[in-house]
Amino acid sequence: MDFRGGAVKFLGTKRHHDKWLRATENYDMKGCFAMSELGHGSNVRGIETITTYDPTTGEFVINTPCESAQKYWIGGAANHSTHTIVFSQLNINGSNQGVHAFIAQIRDFDGNICPNIRIAECGHKIGLNGVDNGRIWFDNLRIPRENLLNSVADVSPSGEYLSAIKNTDQRFAAFLAPLTSGRVTIAVSSVYISKISLAIAIRYALTRRAFSIAPNGPEVLLLDYPSHQQRLLPLLAKIYAMSFASIELKMMYVNRTPESNKAIHIVSSAYKATFTWNNMRTLQECREACGGQGIKTENRIGQFKGEYDVHSTFEGDNNVLMQQ
Ligand SMILES: Cc1cc2nc3c(=O)[nH]c(=O)nc-3n(C[C@H](O)[C@H](O)[C@H](O)COP(=O)(O)OP(=O)(O)OC[C@H]3O[C@@H](n4cnc5c(N)ncnc54)[C@H](O)[C@@H]3O)c2cc1C
């Protein structure tokens, strides 16, 4: 498992790339991305995990100050991850500098949870049970100063806060930049899933017959019923359009520049919300269009509903994204 969203790449600098990127690619180090908390999901700016700096040892000290600050839903944390990117408020000399990201080890390479860390699992979900979502508490966890992902801001050995971005809103936006790649991936994968479910439902409608018009006549193909056409074909047309749009989004992302980042943020937010909502509507219609066969897990559509429902919530809740 990678640190999600290429966060080390985007938020870190050469020292982090040299130390961590190869290890995550080889799966020597299994990473997770600890942004959400029990008390704050969409409102990332309100997270309560707090990190201070100790200049006498050159270490950051991370704490979970209350139950609502426990990290929650962290994919890979419950059983597997050895490291996490932890998002936390950074308090330097009593002054809160806002949300920052740090690399912290949470397990040794034999899978034992590290001292000063507590982990629990989130429990069984309606889908995505292949991912071990977990909860994390930090109790005076000490990490080296170098583990601050410092492309946006840094702290000197003596404890001075340094950032080229003086505007706190812009600084916060820079820390959320890794989420864009997740939105692009989710938007595109929603289109793939809609295509698969439409292919299954339309093929079924081209072979399944129900009721005959004339006595003893052949039964009618489902797709020859106008009502069945009206249920599936507009969804098919829509997914053609969304497929072209998703290719455009991928190209925008691949060719991104500092100047185009804002446009990509807006387009990826809108497409992620629109495509994932459309995917759930498509899956339900396709499931029903297959009748009882749609319920069987081997026919996949019902399973997709459980697996992909969460796409409207994580990497930015759809209703919140539509306000961007
Ligand atoms: C399976 C799963 C895996 C996840 N993996 C990770 C992970 O690996 N790492 C991680 O950090 N997080 C992860 N998350 C957390 C996920 O990012 C959050 O659940 C998501 O950001 C929403 O936050 P929330 O659950 O607190 O909902 P809330 O923010 O409480 O939202 C609840 C409802 O309120 C609405 N709402 C909230 N604010 C507004 C507003 N301003 N205006 C209008 N409506 C609003 C929302 O639209 C939503 O319908 C995961 C979640 C799930 C379910």
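Keep in mind the model is a prediction, meaning the values are calculated, not measured. When a ligand or atom number is given, it counts from 1 through the structure's own listing order.
- Aromatic rings of His80 and Tyr27 (six-membered ring for Trp) have centroids beyond the 6.0 Å cut-off, not under it.
- Residue Asn43 places no N or O, backbone or side chain, under 3.5 Å from any N or O of ligand 1.
- With a 4.5 Å cut-off on side-chain heavy atoms, Lys71 and Val86 count as touching.
- Of all the atoms in ligand 1, the ones that sit under 4.0 Å from a non-hydrogen atom of Met35 are 11 (O).
- Of the polar atoms of Tyr72, none of the N or O atoms is found under 3.5 Å from an N or O of ligand 1, judged by distance alone.
- Stacking of Arg45 on the aromatic ring of Phe172 is recorded, both the 6.0 Å distance cut-off and the 45° axial limit being met.
- Looking at heavy atoms from C-beta onward, Thr51 lies out of side-chain contact with His100 at the 4.5 angstrom threshold.
- Here is the list of ligand 1 atoms found below 4.0 Å of a heavy atom in Gly41: 21 (O), 23 (O), 24 (P), 26 (O).
- Of all atoms in ligand 1, numbered sequentially from 1 with element shown, those under 4.0 Å from a heavy atom of Asp317 are 46 (C), 47 (O), 48 (C), 49 (O).
- The parts of Thr313 lying near ligand 1 are both backbone and side chain, judged by heavy-atom distances below 4.0 Å.
- The distance criterion of under 3.5 Å between nitrogen or oxygen atoms is not met by Ala34 with respect to ligand 1.
- Looking at Gly75 next to ligand 1, an N or O pair under 3.5 Å apart turns up.
- For ligand 1, the polar-atom distance check finds no N/O of Val310 at less than 3.5 Å from any of the ligand's N/O atoms.
- Of the N or O atoms in Gln323, one or more lie within a sub-3.5 Å distance of an N or O in ligand 1.
- Note: Tyr308 and Phe304 have perpendicular aromatic rings, judged against thresholds of 30 and 60 degrees for the angle between ring planes.
- Proximity of the aromatic rings of Phe102 and Phe87 is defined here by a centroid distance below 6.0 angstrom, and this criterion is not met.
- For ligand 1, the polar-atom distance check against Lys125 finds no nitrogen or oxygen pair separated by under 3.5 Å.
- Among Ser312, Ser42, Gly39, Ala77, the residue whose heavy atom lies nearest to atom 29 (O) of ligand 1 is Ser42.
- Both Leu11 and Leu179 belong to a single network of hydrophobic side chains, linked directly or stepwise wherever heavy atoms of I, L, V, M, F, W or Y lie under 4.5 Å apart.
- More than 12 non-hydrogen atoms from other residues, nucleotides or ligands lie less than 6.0 angstrom from CZ of Arg209.
- Geometric assessment of Arg208 against the ring of Tyr204 yields a negative cation-pi assignment under the 6.0 Å and 45° thresholds.
- Contacts between Lys71 and ligand 1 below 4.0 angstrom, taking non-hydrogen atoms only, are absent altogether.
- Within the 4.5 Å cutoff, side-chain heavy atoms of Gln324 are placed close to those of His265.
- Below 4.0 Å from some heavy atom of Ile74 lie the following atoms of ligand 1, by number and element: 7 (C), 8 (O), 9 (N), 10 (C), 11 (O).
- Less than 4.0 angstrom separates some heavy atom of Asn319 from each of these atoms of ligand 1: 47 (O).
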